[in-house]
Trainee: 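Pasting a structure here, questions to come.
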Amino acid sequence: MSGAPEAAVRDLIYRAALLLDAERFKDWLALCAEDFTYRIQTYSPEIRKQMTWLQHDMPGLRTMIEMLPRHNTDHGQLSRHVSVYAIALEDGGKEASATSSFICHRTMLDGINAHLDAGETQLFLVGKYHDRFRLADGRPLFRDRTVFLDTRRLDKGSHYPI
Amino acid sequence: MSGAPEAAVRDLIYRAALLLDAERFKDWLALCAEDFTYRIQTYSPEIRKQMTWLQHDMPGLRTMIEMLPRHNTDHGQLSRHVSVYAIALEDGGKEASATSSFICHRTMLDGINAHLDAGETQLFLVGKYHDRFRLADGRPLFRDRTVFLDTRRLDKGSHYPI
Amino acid sequence: MSGAPEAAVRDLIYRAALLLDAERFKDWLALCAEDFTYRIQTYSPEIRKQMTWLQHDMPGLRTMIEMLPRHNTDHGQLSRHVSVYAIALEDGGKEASATSSFICHRTMLDGINAHLDAGETQLFLVGKYHDRFRLADGRPLFRDRTVFLDTRRLDKGSHYPI
Amino acid sequence: MTADLTSYGNEALPFVDSRIYSESSIFEEELQKIWKKVWLATVHESELAQPLDYRTLTLAREPVIIVRGSDNQIRAFLNVCPHRGNLIVRKPAGSLGVAEPSGNANHMTCMFHAWQYDSLGRCVDIPRQKQGYQDRLDKSQVRLTALPCEVAHGGFVWVSLDPAVMPLADFIGDAFGFMREELESEPLDIFHYHKAFIRSNYKLWHDTNSEFYHDYMHYFNRATSMMQKGYFDRHYTTFANGHCTVGSMEVKYDAYQGAGDRPLSFPGMPRNGWKMVDLFPGTTYNIRGSSLRVDTMTPIGPDLVMIEFRGIGLKRDTEEERARRIADHNTIWGPFGRNLHEDLLGITGQGVSMRPGTAPRRVLHGRRENLSIHDEIGMRHYYSEWARRVGRSPADPLGEGMAAE
Amino acid sequence: MTADLTSYGNEALPFVDSRIYSESSIFEEELQKIWKKVWLATVHESELAQPLDYRTLTLAREPVIIVRGSDNQIRAFLNVCPHRGNLIVRKPAGSLGVAEPSGNANHMTCMFHAWQYDSLGRCVDIPRQKQGYQDRLDKSQVRLTALPCEVAHGGFVWVSLDPAVMPLADFIGDAFGFMREELESEPLDIFHYHKAFIRSNYKLWHDTNSEFYHDYMHYFNRATSMMQKGYFDRHYTTFANGHCTVGSMEVKYDAYQGAGDRPLSFPGMPRNGWKMVDLFPGTTYNIRGSSLRVDTMTPIGPDLVMIEFRGIGLKRDTEEERARRIADHNTIWGPFGRNLHEDLLGITGQGVSMRPGTAPRRVLHGRRENLSIHDEIGMRHYYSEWARRVGRSPADPLGEGMAAE
Amino acid sequence: MTADLTSYGNEALPFVDSRIYSESSIFEEELQKIWKKVWLATVHESELAQPLDYRTLTLAREPVIIVRGSDNQIRAFLNVCPHRGNLIVRKPAGSLGVAEPSGNANHMTCMFHAWQYDSLGRCVDIPRQKQGYQDRLDKSQVRLTALPCEVAHGGFVWVSLDPAVMPLADFIGDAFGFMREELESEPLDIFHYHKAFIRSNYKLWHDTNSEFYHDYMHYFNRATSMMQKGYFDRHYTTFANGHCTVGSMEVKYDAYQGAGDRPLSFPGMPRNGWKMVDLFPGTTYNIRGSSLRVDTMTPIGPDLVMIEFRGIGLKRDTEEERARRIADHNTIWGPFGRNLHEDLLGITGQGVSMRPGTAPRRVLHGRRENLSIHDEIGMRHYYSEWARRVGRSPADPLGEGMAAE
Ligand code: FES
Ligand code: FES
Ligand code: FES
Ligand SMILES: [Fe+3]
Ligand SMILES: [Fe+3]
Ligand SMILES: [Fe+3]
């Protein structure tokens, strides 16, 4: 992944990580095409099935994000540590796909006992991002993201996209 | 590390990480030259000596991998999170070396008490990869990997290459 | 960040990580301009203020590093895992800034009960590096680093730069 | 609908003492007197669809394996080797049809010394038995401890650690009566599983599942349910042995034929219906429109519980139907769903204020509203059974003859 | 300056038995007999500068909220809902002025069933109260448990869990007398907060704060203090209820007018002065030149303590002054500071050798040096109060009538 | 070869009650009555090769330092400061020749208040002793607690926490007799160290080391050993104080001269020989061809043990020989080795089924096969000694007069 389009894709993935960490969700969606789809998946060795734990198109994501303040939630800070592993250009450079490895930590705020826990960082999730992009004039947009989790014990879970 | 050979080396290291995570060990070996050597090392401040905890050449690795199904083992999922730090071309571009930082998590399956633990991710190992490559026609192959561990408490250990 | 100066900046950040991990602090400072400034910051949701936990200019850093052997300290091995996220060239390529994500683990040595703990790796800190660089003849030097921590529970703390 | 004569602590304003949620000694007693004595819902039969499929778990700390025998019958055994006590099958699920490194296909093999058991729990091989045991032990004398086990109520596998447990039919009584059509009309199928460790007492989760007053916590429910006609028509019904139900029986006939954009449901269930069965000591069946959610619990300590969440659809679902059920389910009940996260935060907060060593406090169970949806009768009924089983008053659990606070 | 008549264990060479640091039963007794009975310094008033600002914490495991009321008065309440015991306010700090998802602005809202309380602790809303409680409960009967609370001694909020606690003035006595000018001349302001979990007994931290003999551990102090004139002129003064002070009173007049490169100080404090107040059972005020550091502790178990560190300056600081104070403070006392790390390593080591289950050992408290800076009188004075409160001898805590070792 | 008259629980089929592996109270008793009373193998002398080299560890929770004195003699001391109980030396290994921040070269310095001790354990400096203690304490009265310590049996440092322990020679008896040539012919040298925390009872690890019936677990051993001639010729020998041995004595003369591709061995040991010494309560010497492995254990709780693994070669090894030994060792016994991982999985599984709070179960110890390799005599012999030491029957440890199950 040495060329300019690959570099643009890689930059975009990292920019998304920065915006998600900053909880600038609307700015994150601005990196996505209007037909963007997002899902969180994992495989359960208990029921021996792949599972889709969250799935949204763009309107669904917008609603989810707009509703966040109306919900009681764990406001712990998620920190996504991403390393882009592979980028492939497709369809003559109009499309691209990428695989990245990520580790997501959560620094606790109000999730349990804030006096004791706030400020402590815990491992939350590890997994892979499988992304698809559309490129126009060398500028990529997310068209699809599958967050594939290795971790399946999320305990109280989360209201945030990963 | 901005040029094409460097990019090819970096891609190869990441591809290796993906294949190892997927337990596609034979495909991993296909990225390695026939004279590839692999070792896991660490330093013990207890006995004040460097230790080699695993060392194999290509036939040794093949045997190790083929024998995996015959052994009782911990089937927890290893997730290697790698960041390539430095690549140096040598011998006029025919050789290269690279240093990468890695974090390896283990998502438990059958290692302890599956009912409680399966799906929980734990930090397993941190360390560095010190790799050497041979390049032919710009295509690199692993010639040597030293996995240098910072972590020395591996508890029940592992049957898998890192 | 596909061009040569960007690549040089990225390489420099990673080289710094390698030198810091190796506790080669003087070699680390050799990557920094003479007017380099370094600070560790975080935000406290308890007092609702940004805090600067460490701040030094070059002479301050030199003193800090020289004095290390005179202090009783925790000699656990810090392992910084860095992923460079964004690099921006400024001032016609004479300046640059970069944002990186990092995870810092500590492999215990003498910090608690060495017989039991030495060799165990624990999550120590997660955060971001915000770096500024000066480039001369395409060769970058650190001019400023702000280590911004998400983690605020450092327990017994550390004498080392992160 | 039963009359509510239940009270403890204070007749006007019943309460429990918070130490029933925080005391170690009470917790251990609950394991012995409740969790080892009753029927517990475990896995769904669709998790072991084929002969020789198995699932492993623990009940009150005891390792258990559930296996569909070569005869297609589902059985439960202690997953503990009679030789030297090793855990036998280590994976959460799989098929005995695949050979293990130390054993043969079709067998459960203890990896340690390769004692092998067939899918009916009989010991079929003790390596070098004659040489080591002569005539003192023969494999015919050895078998895995079989546990009472029945498949019932929507295809769940019910197990008890007590060989002398009352019949499952007696334990459940008619608690599933009003959900029978949904559960028994056709085969069901699992599509969702996840688990959560929560730093709280397991009973606080069952409390949450036993009252709807906390709909104030859920923006989703405030908007979609509480404001709707019929919400307050839902009533609790209590059953022997601590169980209760609540549901939208009255809504049923009005809404049943309605077509719309979320047409999926369960047999006999109105399109947007909601029915719930709370079973003592910690299982909940919850049908909300298109999916059945079943919660089961594994108490770990007074301040820690593992909750397992299952999502169930119909076996005959088309791919599209299944995807629809999954989306409906996970939007509110998945690990990233709107409601579940809130519910778990609720009991996490209780877990903080009632963690072991905190001062005894009164926890009010006093809402009475003609057994309707915001009545706390579900909880009161549960703790009456709890009192009977552990022989303690929930309001004065340490027999101090005085009330907390 | 008081005479030192304090001894335990051995008159010539006083010692304590290490089990006062390691025994669970003693620890639980300390929570009941000490931590739930005395006044404890908590947060600084500048952390809740505006009406409706709040801070949450725990004291002896009990959740507490400190809130500046709409009337600008600071109060403390149990942060526990009288309904079903949920933790009410979950964030460490904030303003009630902002509405929560389940409640209104200006209220503390329990997220679970939306009971709401105003900033004075009065219950102002019980959703569907009449329907659920009829005449059995009215919100006017419900309020958060108010705790004794006073703002004093440099603007700290002092709280007690004991409604019958003696007046704060009596508890403190004149312990702050020699620091009054520094603390009370003008408003102070917090600039630093961090916390540390340390695997050691909380009293070992207070010990460290109560003696300067350990300056041998700090290269920084050996170089800057111990070698300096006046170091050994500092003396301990003991006060009723277990408190003591130590400081550079004698240096004051010599050095006060001196100009130089580190001119920042506190009102009435010499430029390089150092004053310390150690308060039973675990708070320390420490002014070192430009900043006031205040340590408070939350004991978690016999072998685990959370220590919170605050750095305080003057409210009227310019930006440059504040930056200077922060740098001065953090160079030695921040999480990356020279001294704090060493101090914490010290008690971590003690925590290893005195962890629960280790053999009883004598811990010497026997340095006597005319109450001057290396005298261990501060500790001896503390343990005399400790003995009085828990009713045990520190040298023979289990009443075995014999000495450790 | 001794006759096996050992049995408990049931004469025909001896068993132990699983609670000896899971009860906290029994565990604490074991620490007091066994671990603090016997000789324990610790580090190898080659880990402290030079005068002033040291190693630190813990024995039954007590911090211990082993130091080679300036006189080249190896001694053991409590690594606890007589002043205020701090852990003195904090690193796992090093040389006292290097000065510490708070102390001088050649000394052990307690970082807290800089009390210094020489390599023979004598206190050589109490800072400002006279000023602080006057005539009440002099450094000549202070020394580190010396522990019984001997270097023996292949250069291991044996230590006891009991000053009145019987002589090491008496404790070991002739258990090392058949391994003497291997261990004592020439100096040995350590090349491998790692440790593992395992959630299981320490005795379960010793059990595994005391029987070879579990070779069924190891594909490696099934292939390379069990199928080989001579495997069943190996016999157990028991010794006083709970020790036993097993080995390939008979193979010795046949195979010794054989050349081949793995020629490395130990003096007096056949090329592919295998000898094992199991020492009560938890040390194992295991020579397998080219390397000596020594396991030592640190029990942490009934359900947690730290096991340390050492690999030992000959001091005179060439670089090539050493590399060969390391490869041979780690292929089966390293953290990535084939066998060790399997062994540790075995006891982990037992740890799950026998974790604290599980139902009492019988664990069979009943294989009898003329004391040969698959006989469980090693375990029975161990538990006879255990019973003698703790004064409990392994089959009825709580004196209920009845058997588990
Ligand atoms: S413990 Fe199962 S075969 Fe030995
Ligand atoms: S617990 Fe607070 S409103 Fe119910
Ligand atoms: S504790 Fe060792 S010198 Fe004070
Ligand atoms: Fe809910
Ligand atoms: Fe200090
Ligand atoms: Fe083995």
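Order of the sequence lines fixes the chain letters, A, B, ..., with proteins taken first and strands second; residue numbering starts at 1 for each chain.
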Trainee: Can you see which heavy atom on F:E62 is nearest to which on E:A359, and at what distance?
Mentor: OE2-N, 2.7 Å
Trainee: Between the side chain of F:R136 and the main-chain N/O of E:G366, is any donor-acceptor distance below 3.5 Å?
Mentor: yes
Trainee: Who wins among E:M354, E:R355, E:E342 for the most heavy-atom pairs under 4.5 Å with chain F?
Mentor: E:R355
Trainee: Which atom pair, heavy atoms only, marks the closest approach of F:L87 to E:S353?
Mentor: N-OG, 3.7 Å
Trainee: Please rank F:C110, F:A114, F:G85 by heavy-atom pairs under 4.5 Å with chain E and give me the top one.
Mentor: F:G85
Trainee: Report yes or no: is the cationic atom of E:R367 (NZ for Lys, CZ for Arg) under 6.0 Å from the centre of the six-membered ring of F:Y133, at an angle within 45° of the ring normal?
Mentor: yes
Trainee: Which atoms of E:I347 are under 4.5 Å from chain F, going by heavy atoms: the side chain, the backbone, both sets, or neither?
Mentor: both
Trainee: Give me the contact list for residues 20-31 of chain F versus chain E, heavy atoms only, anything under 4.5 Å, ordered by residue number.
Mentor: none
Trainee: Does the side chain of E:H374 come within less than 4.5 Å of F:R128's, by heavy atoms?
Mentor: yes
Trainee: Okay, side chain of E:Y213, backbone of F:P127: is any donor-acceptor separation there less than 3.5 Å?
Mentor: yes
Trainee: Counting C-beta onward and ignoring hydrogens, is there a side-chain heavy-atom pair between E:T358 and F:V80 closer than 4.5 Å?
Mentor: no
Trainee: Run through E:M379, E:H214, E:R362 and flag the one making a side-chain contact (heavy atoms from CB on, under 4.5 Å) with F:R84.
Mentor: E:M379
Trainee: Above 12 or not: heavy atoms from other molecules or residues under 6.0 Å from NZ of F:K37?
Mentor: no
Trainee: Taking all non-hydrogen atoms of both residues, which atom of E:R361 and which atom of F:P63 are closest, and how far apart?
Mentor: NH2-CD, 4.1 Å
Trainee: Do E:F232 and F:Q131 make a side-chain contact, defined as non-hydrogen atoms from C-beta onward lying under 4.5 Å apart?
Mentor: no
Trainee: With only heavy atoms counted, which part of E:H218 is less than 4.5 Å from chain F, the side chain, the backbone, both or neither?
Mentor: neither
